[in-house]
Amino acid sequence: METITLVLTLLFAVVLSGILARLLPFSVPRPLVQIALGAAIGLVADWRVTLDPDIFFLLFLPPLLFLDGWRIPPDDMFKDGATILELALGLVVFTVIGMGFFIHWMIPAMPLAVAFALAAVISPTDPIAVSAIAQRTPIAKRLMHILEGESLLNDASGLVCLRFAIAAALTGSFSVGAATLSFLWVAIGGIIVGAGLTWTVGRVKEMVTRVVGEESGSQILISLLIPFGAYLVAEHLHCSGILAAVAAGLTMGFVEARGNAMAVTRIRRSAVWDLIQFTANGIIFVMLGEQLPTILAGAAASVQVTGHREPWWLAIYIVAINLGLAALRFAWVWVSLRWTLFRRKEDRTRPNWRLVGAMSFAGVRGAITLAGVLTLPLAMTDGSAFPARDLAILLAMGVIVLSLVAASIGLPLMMRGLEMPPEPSRDAEIEGARSAAAEAAIAAIERVQHQLAEGRKDADLYVHAASRLMDLYRERIDREATLPEDMAQHRRDERIERELRLAALKAERTEIFRRVRRRELGSEAARRLVRDLDLAEARLAG
């Protein structure tokens, strides 16, 4: 009963965080509000969530990473693939080495291997935190895709570095060759498992659907099981379950591009995944806040490891580590953008320092950092306590909170009026696709109309109905062929028409609910009518 009460309390905190974030007179990212609520729960209530890293990774990360990989546009991600790989691989290794030596220099009592372990868990950015910050800060699409791609891929490299840092701390030895081979197996194996499992499930699902038909509930459940299956299989093979979940999501985008799912399945599935994303993201940050009082309770003992007695030394260390992370990220991003994003002749200019600053502030740490640092072993091989473990956990938690605060303040300032390198317009591509789709629709209407009307006495009815539909599609084709100088006026007309239609739909819905309240319309009929109106409004809003 206590566990159920705790889960319900966490869910209520997620709901309450959204209300409070909107009520505050100043803009505060929802994750910070959720961490504060979690800390309040930890202080007031006598509940404690035992955050088992293995269960945490399995329960929360696969679906969220899978969804991020599924929804990120693959073409945009591959277009800046060089930049993303440099940030996801090169920056992580650069950060682990630089911050490992820096932390050991700043806190000599922390062994070098443990310092490298701490550097490894704070080096990857968190895709969940990045997405949460982006909800309140308008970020250029291209920059957001780069940040999402980086945060999706850098977890594996950071966790591999953590694994070898822990091994070095336990055994006192380290092999570069073994580390390289292990990284290749972990990364490539995870990608193969995730992509292969998703593709296989997609093919089997198509074959079964052709035989027995499609059931929306089953299709949605299958999409929920895929990330967990990919993660578990990859971990069983000692590969990266995180990369397997990401690869599964990216592959799901290609599988769904075949367009075999029914429209109602896609609509319901999208709603289910939106709910899962909102709930899981919120619970993660509430749980992070709930851990905060327990971690801070050991601050007095942790600071003694450093040779000091005053707890405020911990705040100095946390600020210094964040500044070190920002400096390393700024330097790497500057070089990375100079040689990738600005490598074309037409863009051969120095990167805007605000762009580099924005990418540096967007290096937010989150749940993966805390879950990773909690995997530090409790004891050495000889049975003695693992050195500076509590101190590493406290410093990692401080980095998470401070990076969120810095991003929520600094990112809006850096993004204000910032422009990314110009991208080619896709308007012509979109208009061409719409015209081609309309032509395909006209051809299908003509074909089906002849099939339905053949041999019937009321064939004229089919001809008139087909003619009305084809006129709508021909109007779309004529509209797409409008001269460029007339397009601006046409788009203004469309905006006006959209506002009028939205007002009309709202009036229709209000009248339907009024009739239900007066018992002039049955609830079942009202549900069908409102659903049609909701779908029409969603199409206009999109």
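One finds the CZ atom of Arg266 at 12.0 Å from the CD1 atom of Ile220 (value rounded to the nearest 0.5 Å). Atom CD of Glu214 is separated from atom OG1 of Thr265 by 3.5 Å, given to the nearest 0.5 angstrom. Put simply, CG on Leu402 and CD1 on Ile400 are 11.5 Å apart, with the number rounded to the nearest 0.5 Å. Atom-to-atom distance recorded for Ile19:CD1 and Leu24:CG is 12.0 Å, nearest 0.5 angstrom. Note that the CG atom of Leu118 and the CD1 atom of Ile103 stand 4.0 Å from one another [nearest 0.5 Å]. Between atom CG of residue Leu37 and atom CG of residue Leu32 there is a gap of 11.0 Å, rounded to the nearest 0.5 Å.
Counting only distance, with no hydrogens or angles, the side chain of Thr279 and the backbone of Ile276 share no donor-acceptor pair below 3.5 Å. No donor-acceptor distance shorter than 3.5 angstrom exists from the side chain of His238 to the backbone of Val186, with no hydrogens or angles considered. Side-chain N or O atoms of Thr375 include one that pairs as donor or acceptor with a backbone N or O of Gly372 at under 3.5 Å. Looking only at distances, a side-chain donor or acceptor of Thr200 sits under 3.5 Å from a matching main-chain atom of Gly196. Not one N or O on the side chain of Arg365 forms a donor-acceptor pair closer than 3.5 Å with the backbone of Leu404. Side-chain N or O atoms of Arg30 include none that pairs as donor or acceptor with a backbone N or O of Ala21 at under 3.5 Å. No donor-acceptor distance shorter than 3.5 angstrom exists from the side chain of Thr125 to the backbone of Val364, with no hydrogens or angles considered. Proximity of a side-chain donor or acceptor of Thr198 to a complementary backbone N or O of Gly194 within less than 3.5 Å is detected.
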Begin with the C-alpha distance, continue with both residues' side-chain angles, and end with the deciding distance and a verdict on side chain to side chain contact (heavy atoms under 4.5 Å, CB included) for Arg329 and Thr95.
-> CA-CA 8 Å; Arg329 184 174 177 86; Thr95 302; over 6 Å; no
Trace of the side chain to side chain contact (heavy atoms under 4.5 Å, CB included) decision for Leu250 with Ile72 | CA-CA 8 Å; Leu250 291 170; Ile72 188 173; 3.7 Å; yes
For Val208 and Lys205, what are the C-alpha separation, side-chain angles and deciding distance, and is it a side chain to side chain contact (heavy atoms under 4.5 Å, CB included)?
-> CA-CA 5 Å; Val208 172; Lys205 185 175 63 173; 5.9 Å; no
Where do Leu376 and Ile166 land on the side chain to side chain contact (heavy atoms under 4.5 Å, CB included) test, with the steps shown first?
-> CA-CA 7 Å; Leu376 292 176; Ile166 293 175; 3.9 Å; yes
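Minimum heavy-atom separation, Ala234 to Gly241: CB-CA, 3.9 Å. The minimum heavy-atom distance between Ser123 and Val96, with the atom names listed, is OG-CG2, 3.7 Å. Phe386 and Pro377 make their closest contact through CB-O, 3.1 Å (heavy atoms, listed as atom of the first residue, atom of the second, distance). Gly398 and Asn322 make their closest contact through O-ND2, 4.3 Å (heavy atoms, listed as atom of the first residue, atom of the second, distance). Contact detail for Val121 and Thr369: the closest heavy-atom pair is O-OG1, 2.9 Å. Heavy atoms only, all atoms of each residue included: Gly282 and Val14 are closest at C-CG2, 3.5 Å.
Using a 4.5 Å cut-off on side-chain heavy atoms (C-beta onward), Trp199 and Phe254 make no contact. Counting heavy atoms from C-beta on, the side chains of Ile284 and Leu64 come closer than 4.5 Å. Using a 4.5 Å heavy-atom cutoff, the side chains of Asp68 and Val246 are not in contact. Between Ile393 and Arg389 there is a side-chain heavy-atom pair separated by less than 4.5 Å. Put simply, the side chain of Ile107 reaches to within 4.5 Å of the side chain of Leu395, judged on heavy atoms. Counting heavy atoms from C-beta on, the side chains of Phe101 and Ile97 come closer than 4.5 Å. A heavy-atom distance below 4.5 Å is not found between the side chains of Leu391 and Val114. Taking the side chain as every heavy atom from C-beta outward, Ile321 and Leu325 approach each other to under 4.5 Å.
Using cut-offs of 30° and 60° on the angle between ring planes, the pair Trp273 and Trp70 is perpendicular.
Of the charged side-chain nitrogens involved, none lies within less than 4.0 Å of a carboxylate oxygen, so that Arg71 and Glu256 do not count as a salt-bridged pair.
For Phe12, the CZ atom counts as loosely surrounded, since its 6.0 Å shell holds 12 or fewer non-hydrogen atoms of other residues, nucleotides or ligands.
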